[in-house]
Structure formats: C-alpha cells, structure tokens
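One structure is given here, and the rest of the page talks about it.
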Amino acid sequence: MEFWKRSHLCGDLRLSDSSNRVTLSGWVRRRRDHGGVIFIDLCDRTGLTQVVFSPEAGSDAHRAAQELRSEFVVAVRGEVRPRPEGTVNPKIPTGEIELFADGLQIINPSLTPPFPIEDEEELQEEVRLRYRYLDLRRPSMLNNLRLRHRVTARTRQYLDGEGFWEIETPLLTRSTPEGARDYLVPSRVHPGKFYALPQSPQLFKQMLMVSGVDKYFQIARCLRDEDLRADRQPEHTQIDLEMSFVEPEDIFRVVEGLVGTLFGEFRGVEMERPLKRMTYAEAMLKYGSDKPDLRFGLEIREAGEIFAGSGFRVFRETLDSGGAVRGLAVPGGASLSLKQLDELTEFCRRAGAGGLLWILFREGGGLKSPIKKFLSEGELNRLRETFSCSEGDCLMLVADRPEKAAEVIGRLRLKLAADLGLVPKDRYEFLWVVDFPLFGYNPEEKRFEAVHHPFTSPHPEDLELLETDPGKVRSRAYDLVLNGTELGGGSIRIHREQVQKQVFSLLNIGPEEAESRFGFLLEALRHGAPPHGGIALGLDRLLMLMGGLSSIRDVITFPKTQKAICLTTGSPSEVDPRQLKDLHIALAAPPQ
RNA sequence: GGGGGCGUAGCUCAAUUGGUUAGAGUACCGGACUGUCGAUCCGGGGGUUGCGGGUUCGAGUCCCGUCGUCCCCGCCA
C-alpha cells in the first residue's frame with residue numbers, strides 16, 4: 001500500500017483507548033517544536049488529536065517530524081497514552097490522551113497556506129473564495145457542510161415516510177418568458193434554438209401530478225439570471241414538493257412536520273404546531289412586509305381615522321387623496337436625539353416616503369414634535385390610546401399611498417429593531433402568510449401581473465371577482481416565513497383549463513400566446529388533471545437560518561460573487577472559437 | 001442601472017494637516033529549547049499602498065477615471 005491505512009479518526013480516541021496501538025492520518029495544523037519533544041495537532045473532519053514525537057520513542061520518526069509544516073498530509077503510528085498529569089487539555093474532546101508516535105509517513109507536503117485553517121481568523125471573503133477548498137477545510141465550514149448533508153438526508157427520509165417519491169426533472173428545458181431571466185443553453189443540433197436551465201421544476205411537477213405520481217419531491221437546483229444578494233445566488237437549491245387531491249392545510253401539515261423535525265433534531269428547537277397563520281393584508285398592515293419578523297414588537301397601526309379632520313395639512317391631504325397614515329410606538333424612544341431622529345427621517349425619505357413625523361412623549365408629561373402645534377388634545381389622547389403610548393415613548397408616523405406607507409414604515413420597523421437591539425437571538429418565529437392577492441397591478445405597463453405565478457389557483461370564494469374586480473381576487477398561495485426571511489412559497493394550482501384560460505387572459509396572455517408558451521401544460525390539464533398543489537422551500541436559506549449565518553454563501557460550497565463570478569475557477573470564461581462555431585454563435589462584439 | 005462601505009507585506013490591520021527610509025501582529029525562513037496546546041526566546045527576509053492619470057517641491061493620504069469585493073435599492077412570476 002502506498003500509504004499507511006488509518007485505524008481511527010482524529011476525533012475518535014479517548015482515555016479508554018490508552019495503550020492501544022493506532023494509526024491516524026490527517027492534516028498537520030499546529031506544530032510546537034521544543035527542540036527535543038515535538039507536538040503536532042493532527043486534524044481531520046472529526047476533530048484533532050495531539051501527536052507527540054519524542055527523541056527516545058523513535059529517532060527516525062522524531063527526525064522526520066522536524067520537517068513537518070502546516071497542512072502537510074501525514075500518517076502517524078504509535079501508542080495512545082494518557083497525558084501526563086497537569087497537561088490535560090479540557091478544551092478538546094481528545095484532550096485526555098495523546099498519540100505517542102514511533103512512526104511518521106509524510107504522504108503529501110503542502111504549500112504554506114495563504115491563511116491559517118482555523119475559525120477564529122476573520123478573512124476577507126475574496127480571499128476565502130479564491131482558496132475555497134482551504135476555507136472549507138476550516139472546522140465551522142466543514143460543520144456547515146455536514147449540517148447540509150444531514151438536513152437533506154433527513155428530508156429524504158421524512159418525505160419518503162410520508163409517501164413521497166423523489167423524482168428528477170430535466171435541466172435542459174424550455175424557456176418560459178414569465179418570471180426571472182433565464183440562463184440559456186444553445187443547441188448544437190438545432191441552429192438558433194436554445195434550452196433554458198430551469199428556474200424551478202414547476203411545470204414538470206404539475207405534469208407529474210397529471211401522471212398520477214400523487215406525491216412528488218425533489219431536492220432541485222434552480223437557476224435564475226438575476227442580481228445577487230446575501231440570500232440570493234444564481235443557482236440555489238429548493239426542497240420542491242407537489243401533492244394531488246390536496247388543500248392548503250395538507251401542504252401545511254407536511255411542511256410543518258418536516259421543518260419541525262429538522263429544527264427539533266438539529267437545533268433542539270420545539271416548533272409550535274400548527275404554525276401561526278396571517279393573511280397578507282394583516283401582515284402588510286401590522287408589519288409593513290409580506291414576510292414579517294415576529295421576534296419583536298413595534299407593531300404598526302393605522303392612524304388615518306385620528307387625523308381625518310386634522311389641522312395638519314400634510315396628513316389631511318394625504319388622507320383625502322386615498323392615502324394612509326401609519327405609525328408605530330417605540331418604547332423608551334423619547335430619549336432618541338434630534339440627530340438620530342433626523343437620520344431616521346432621512347432613512348424614510350430614501351425609502352421613498354415624504355418623510356417621518358415623530359412625537360416624543362417625555363417623562364413628566366411634556367411633548368416634543370415638529371407638528372406639536374397642529375395636534376389637538378383629542379388627537380393626542382386617541383394616539384396614546386391607539387398606540388398604547390406612555391411617557392418615555394416615541395411615536396413615529398408616515399403618511400403616503402397605503403402601499404408606500406406600509407413599505408416605508410415596515411422598513412423603519414426593521415431598522416429600529418436592529419438599531420435598538422430589539423432582535424432576540426436564538427428565537428425562531430415561524431408563520432404562514434396566506435391569502436396573497438392573485439394579481440398585482442403594474443402601473444407602468446398598465447396591466448396585471450401574477451403575484452406568485454400564472455398557475456396559482458384563485459381563492460374559491462373570489463372566483464366571481466375574476467370578472468368584476470380582478471385586483472381584489474385572493475389566491476390560494478402561501479409563504480412560509482421565519483424571522484423575516486421567506487423560507488418558501490407555494491400554492492394550490494389551477495387544475496381546470498377554463499380557469500387557467502381566464503387567468504391568462506387577465507394577465508394579457510392571449511390564447512395563441514398561451515398555447516405557444518404553455519400549450520404543453522394546458523394540454524396536460526385537459527387529460528384528467530387532479531386538484532394539486534405544492535411548495536418549494538429554499539434549502540440554502542433554511543440552512544443559513546439554522547446555522548445562525550448571515551449569508552447563504554456560507555452553506556454553498558463554491559458560491560458566486562455579487563458579479564456572478566466564481567473566484568475559485570474563474571467562471572464565466574471565454575471559450576474556444578470552435579465551440580462557438582459548433583453552436584452557431586457569433587459574438588456581436590469581440591471580447592476585450 | 002443606482003446608492004454606500006472596503007482595497008496598504010501571504011493574512012489581519014496601523015500610518016496626525018499632504019512631509020524623513022510605509023509600521024505592528026501573525027505567517028514564513030534560520031538559530032536555541034524535552035511537556036507544549038495561540039509554546040517561548042533570539043535573528044532575518046518580505047511592499048508596483050488594486051490599476052491608470054492629474055494637482056503638488058513632495059501623494060498611502062487630495063482630485064478624476066477604472067477594476068475588484070461586500071451591503072442595499074431596482075431586479076428576483
């Protein structure tokens with residue numbers, strides 16, 4: 001054999017293994033050379049064992065150990081010994097023993113690593129990504145990979161137990177112009193034609209329901225050519241599932257079971273089931289967001305009625321033109337400085353509102369506010385009552401179009417919570433947001449757009465509104481939200497062709513266009529489609545939240561930078577002109 | 001496409017108002033050292049201050065441009 005085979009892993013050995021002969025292999029982390037005795041921290045993904053090279057024990061091994069450097073790959077033979085009294089290291093699980101080495105094999109030397117392989121080192125992400133294989137060798141990153149493995153393994157086990165089949169769907173598929181920008185793959189065989197990489201397996205899983213698969217799942221890669229964020233990568237992974245003959249409650253039960261199992265087993269978090277439900281309308285009103293963070297209060301309230309006949313012209317005119325006044329109370333906020341209040345006002349302006357109005361209810365009953373002289377005693381009393389304000393608090397008000405007011409004060413709410421340290425750690429606030437509107441109106445293009453996607457079923461109670469007032473139609477779509485992050489979303493789908501056609505027409509997709517884009521799906525729906533629905537959970541975001549991380553890049557092995565570049569491999573790259581020729585592609589501008 | 005932060009030794013950072021030869025810790029190299037675990041002690045090497053241009057007697061520092069990276073807005077059915 002080329003190298004000595006290991007008998008144990010670096011995290012294995014305990015006091016009970018004492019006096020056994022073992023062989024370990026791994027990476028040399030730290031070396032402490034005392035001239036005589038030499039200590040090596042030997043690491044693998046399971047942990048670290050201290051190896052001792054003593055001149056007496058094996059002079060060849062001791063001599064060879066002097067050559068060891070960081071991250072050399074080695075095999076070490078010797079005897080497991082209890083550490084001498086006073087030298088036990090309580091910080092590591094193997095700290096009661098050491099490997100007393102009499103043989104050393106340098107399997108492969110290593111270049112000096114560009115940074116130390118340890119969790120403590122704070123590195124620029126650029127450096128980490130350039131040497132990602134070394135970054136991943138750090139214990140915390142290996143730990144993230146392990147969590148990812150265990151979560152996907154448990155997910156498969158759980159869904160199998162619920163009767164789901166794991167089924168793969170094509171990566172080379174058809175471009176469907178709705179939604180995000182597609183990644184395209186040129187066809188060699190068909191000049192001028194392109195495949196698209198899937199944004200999700202949506203249409204395939206619906207067709208699988210028509211096939212009678214009944215319960216489908218897939219841990220599916222999804223690709224979208226859109227700009228990146230801390231929680232968005234061009235390719236991400238979804239736990240995608242679909243079920244037949246179901247209502248939303250059936251989906252909720254399965255997902256709550258799965259997510260509850262994962263958080264219970266891997267985080268020790270007891271999830272209350274069934275989860276809280278909140279309508280989209282309530283979420284927007286109370287939290288100014290369709291993915292409310294419920295870990296803290298600062299609830300938003302409507303203040304329009306109070307100012308209906310206000311002497312303050314800005315409020316009155318906003319209300320008269322159909323606008324809204326929304327506010328929230330900041331407990332203890334009366335101590336905010338004018339500078340802080342100015343900054344918050346500027347924040348609201350940048351978020352698109354006219355500004356921010358504040359009222360400080362000072363200790364002792366005093367009042368400070370730029371609109372003090374416009375406020376009647378009656379209005380103040382009603383404000384105190386509505387917002388449960390008392391002395392020492394601050395009331396913040398935003399007036400604008402209802403959607404804008406909700407959005408701005410929603411953002412303000414998140415900023416205040418972060419700035420004032422109101423967000424508790426180690427809390428997991430799950431909820432379902434339900435009753436999304438089916439359509440959103442795009443004022444620029446003067447047309448309705450699907451809020452979820454065009455195959456989402458209208459709420460059964462709102463079917464008549466499709467004819468009379470489409471903007472009011474609720475959908476049977478739902479989002480799973482955790483701590484202000486959208487963890488997943490899904491819907492009951494349209495299974496009747498007639499409804500599907502009606503929705504297409506409201507979306508300004510004519511019959512011919514519908515046929516050419518989605519004809520294959522419409523045809524499938526005509527061949528005995530069962531009622532069906534499903535959901536997709538963002539695996540990367542789930543792992544990010546489970547790991548207490550702030551970016552999904554930390555749970556993705558080789559993520560892209562914000563400019564969608566892979567710093568490890570250098571993709572995307574130019575290709576050989578012959579490859580382009582084979583694909584019938586000519587570049588409009590020659591690359592620089 | 002837009003707003004903001006960052007870019008100085010392999011890594012993490014410092015450098016007063018624009019002013020001497022750009023420093024520190026760590027890593028690395030050499031030496032010493034038989035119980036360390038962030039080993040210690042002595043010595044040494046290491047810089048296109050991201051890149052290009054400008055202002056100035058003089059630029060890491062000021063100005064213009066550009067590149068990279070991070071956060072956010074737009075975008076993401």
Side-chain angles (χ1 to χ4, degrees), chain A residues 29-42 48-57 62 69-71 81 83-92 94-95 98 100 111-131 134-135 176-182 199-200 202-203 222-234 236 346-347 350-352 407 411 414-415 436 438-440 442 444 448-456 475 477 486 489-491 503 507 509 517-518 536 538 550-551 553 559-565 567 592:
Chain A
R29 200 75 7 124
R30 283 213 172 76
R31 172 180 61 110
R32 294 176 291 280
D33 182 348
H34 287 246
V37 66
I38 298 171
F39 300 96
I40 298 294
D41 290 342
L42 190 64
L48 176 163
T49 298
Q50 171 163 285
V51 181
V52 187
F53 294 95
S54 170
E56 296 96 52
H62 181 265
R69 293 296 180 271
S70 290
E71 302 306 315
R81 290 191 182 175
R83 293 199 187 185
E85 204 173 331
T87 64
V88 166
N89 184 351
K91 285 185 271 187
I92 55 174
T94 61
E98 61 197 11
F100 203 77
L111 295 175
T112 300
F115 49 82
I117 310 301
E118 59 188 30
D119 289 339
E120 290 71 28
E121 191 76 10
E122 293 276 339
L123 298 167
Q124 295 198 21
E125 203 160 345
E126 195 173 348
V127 179
R128 296 175 54 195
L129 293 177
R130 187 151 283 137
Y131 301 95
L134 295 180
D135 183 41
T176 52
E178 290 278 319
R181 202 172 289 117
D182 283 321
Q199 297 177 27
S200 83
Q202 182 62 36
L203 301 178
C222 301
L223 300 107
R224 297 172 188 183
D225 187 3
E226 296 291 350
D227 287 338
L228 290 80
R229 289 283 190 284
D231 62 354
R232 277 162 33 191
Q233 282 274 306
H236 77 286
E346 182 54 32
F347 175 84
R350 278 203 305 271
E407 181 202 330
R411 283 196 200 175
L414 294 177
K415 180 176 169 55
F436 280 83
L438 188 60
F439 304 111
N442 182 333
E444 281 164 28
F448 285 110
E449 290 174 343
V451 167
H452 190 54
H453 58 55
F455 318 109
T456 302
S475 71
E486 181 193 327
S491 63
V503 169
L507 291 172
I509 302 174
R517 282 198 204 171
F518 309 112
S550 49
S551 163
R553 291 189 299 275
K560 305 279 190 290
T561 68
Q562 201 165 42
K563 287 253 169 72
I565 285 168
L567 290 179
Q592 288 297 309

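Remember, predicted model here, so these are calculated numbers, not experimental data. Note on naming: letters A, B, ... go to the chains in the order of the sequence lines (proteins, then strands), and numbering restarts at 1 for each one.
- With a 4.5 Å cut-off on side-chain heavy atoms, A:T456 and A:L438 count as touching.
- Of the candidate nucleotides B:G35, B:C76, B:C70, B:C70 has the atom nearest to the side chain of A:E125.
- Put simply, the side chain of A:R224 and the base of B:C76 share no donor and acceptor less than 3.5 Å apart.
- A search for ring-ring contact (aromatic ring centres under 6.0 Å, His included) contacts involving A:F439 returns A:F448, not counting sequence neighbours.
- When rounded to the nearest whole Å, the span between CG of A:D33 and P of B:C37 equals 14 Å.
- Look at CD on A:Q562: it is 13 Å from C1' on B:G2, rounded to the nearest Å.
- Of all nucleotides listed (B:C37, B:G35, B:U69), B:U69 comes nearest to the side chain of A:I565.
- Across all strands, A:S70 comes closer than 4.0 Å only to sugar-phosphate atoms, never to a base (heavy-atom distances).
- As a whole-Å value, the separation of A:R32 CZ from B:C41 P is 16 Å.
- One C1' atom belongs to B:C64, the other to B:U56, and the distance between them is 16 Å to the nearest Å.
- Residue-to-nucleotide contacts include a donor-acceptor pair under 3.5 Å from the side chain of A:R229 to the base of B:G74.
- For B:U49 and B:U8, the C1' atoms lie 4 Å apart once the distance is rounded to whole Å.
- Nearest to the side-chain atoms of A:R83 among the listed nucleotides B:C37, B:U34, B:G74 stands B:C37.
- Annotation: the span from A:E56 atom CD to A:H62 atom NE2 amounts to 8.5 Å, rounded to 0.5 Å.
- Between B:G3 and B:G18, the two P atoms lie 26 Å apart (nearest whole Å).
- Atoms NZ and CZ, on A:K415 and A:R411 in that order, are 12.0 Å from each other to the nearest 0.5 Å.
- Within the model, atoms CD1 of A:I565 and CG of A:L129 stand 11.5 Å from one another, a figure rounded to the nearest 0.5 Å.
- Taking A:F518 as the reference, A:F455, A:F504 meet the ring-ring contact (aromatic ring centres under 6.0 Å, His included) condition, with sequence neighbours excluded.
- Nucleotides B:C42 and B:U26, compared at atom P, are 11 Å apart to the nearest Å.
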Inset, instruction - Might you work through the side-chain contact (heavy atoms from CB on, under 4.5 Å) test for A:N89 and A:Q50, ending with a clear yes or no? - result: CA-CA 10 Å; A:N89 184 351; A:Q50 171 163 285; over 6 Å; no
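- In this structure, A:T112 does not reach the B:A27 phosphate: none of its side-chain N or O atoms is under 4.0 Å from OP1 or OP2.
- Using a 4.0 Å heavy-atom distance criterion, A:E98 is classed as a base contact.
- Remark: the separation of the P atoms in B:G5 and B:C62 is 13 Å, to the nearest Å.
- The same atom, C1', is picked in B:C75 and in B:G19; the two are 49 Å apart, to the nearest Å.
- Within the 4.5 Å cutoff, side-chain heavy atoms of A:L134 are placed close to those of A:P114.
- With both ends at atom P, the span from B:G50 to B:U16 equals 15 Å, rounded to whole Å.
- Between A:F39 and A:A450, the residue anchored closer to the 5' end of RNA chain B is A:F39, taking for each the nucleotide with the nearest heavy atom.
- A donor and an acceptor atom never sit less than 3.5 Å apart when one is taken from the side chain of A:R411 and the other from the base of B:C73.
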Extract from the structure each pairing of a protein N or O with an N or O of nucleotides 9-11 of chain B at less than 3.5 Å, listing the distance.
unit_1 : atom_1 : unit_2 : atom_2 : d
B:G10  : O2'    : A:P114 : O      : 3.0
B:C11  : O4'    : A:P114 : O      : 3.2
B:C11  : O2'    : A:E121 : OE2    : 3.1

Inset, instruction - Take A:R232 and A:R224 through the test side-chain contact (heavy atoms from CB on, under 4.5 Å) and record every step on the way to the result. - result: CA-CA 10 Å; A:R232 277 162 33 191; A:R224 297 172 188 183; over 6 Å; no
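- The side chain of A:R232 has B:C75 as its nearest neighbour among B:U69, B:C75, B:C37.
- Residue A:V37 places its side chain closer to B:G35 than to any other of B:C71, B:G35, B:G38.
- The listed nucleotides are B:C75, B:C71, B:C37; the one nearest the side chain of A:E226 is B:C75.
- Distances from the side chain of A:D227 to the nucleotides B:G35, B:C75, B:C28 place B:C75 closest.
- Across all strands shown, B:U26 forms a Watson-Crick or G-U wobble pair with B:G10, both key distances being under 3.5 Å.
- Among the atoms of the strands shown, none is found under 4.0 Å from any heavy atom of A:R29.
- B:C37 and B:G31 have their P atoms separated by 23 Å, with the value rounded to a whole Å.
- Base pairing annotation: B:G65 forms a Watson-Crick or G-U wobble pair with B:C51, both donor-acceptor distances under 3.5 Å.
- Of the side-chain N and O atoms in A:R181, none sit less than 4.0 angstrom from OP1 or OP2 of B:C76.
- Between A:L228 atom CG and B:G74 atom P the separation is 15 Å, expressed in whole Å.
- Taking atom CZ on A:R128 and atom P on B:C6, their separation rounds to 21 Å, with Å as the unit.
- Distance CG (A:N89) to P (B:G35): 17 Å, rounded to an integer number of Å.
- When the side-chain nitrogen and oxygen atoms of A:R350 are compared with OP1 and OP2 of B:C72, none of them lie within a distance under 4.0 Å.
- Across the protein-nucleic acid pair, A:F53 atom CZ and B:C33 atom C1' stand 18 Å apart, rounded to whole Å.
- A:A230 and A:S550 make their closest contact through CB-O, 3.8 Å (heavy atoms, listed as atom of the first residue, atom of the second, distance).
- Nucleotide B:A27 holds its C1' atom 14 Å from the CG atom of A:L111, rounded to whole Å.
- Phosphate proximity of B:G68 to A:K563: present, with a side-chain N or O under 4.0 Å from OP1 or OP2.
- A donor-acceptor contact under 3.5 Å is not formed by the side chain of A:D41 with the base of B:C37.
- Taking the side chain as every heavy atom from C-beta outward, A:H34 and A:F39 approach each other to under 4.5 Å.
- Under the stacking definition used here (centres under 5.5 Å, planes under 30°), the residue A:H34 qualifies as stacked on the base of B:A39.
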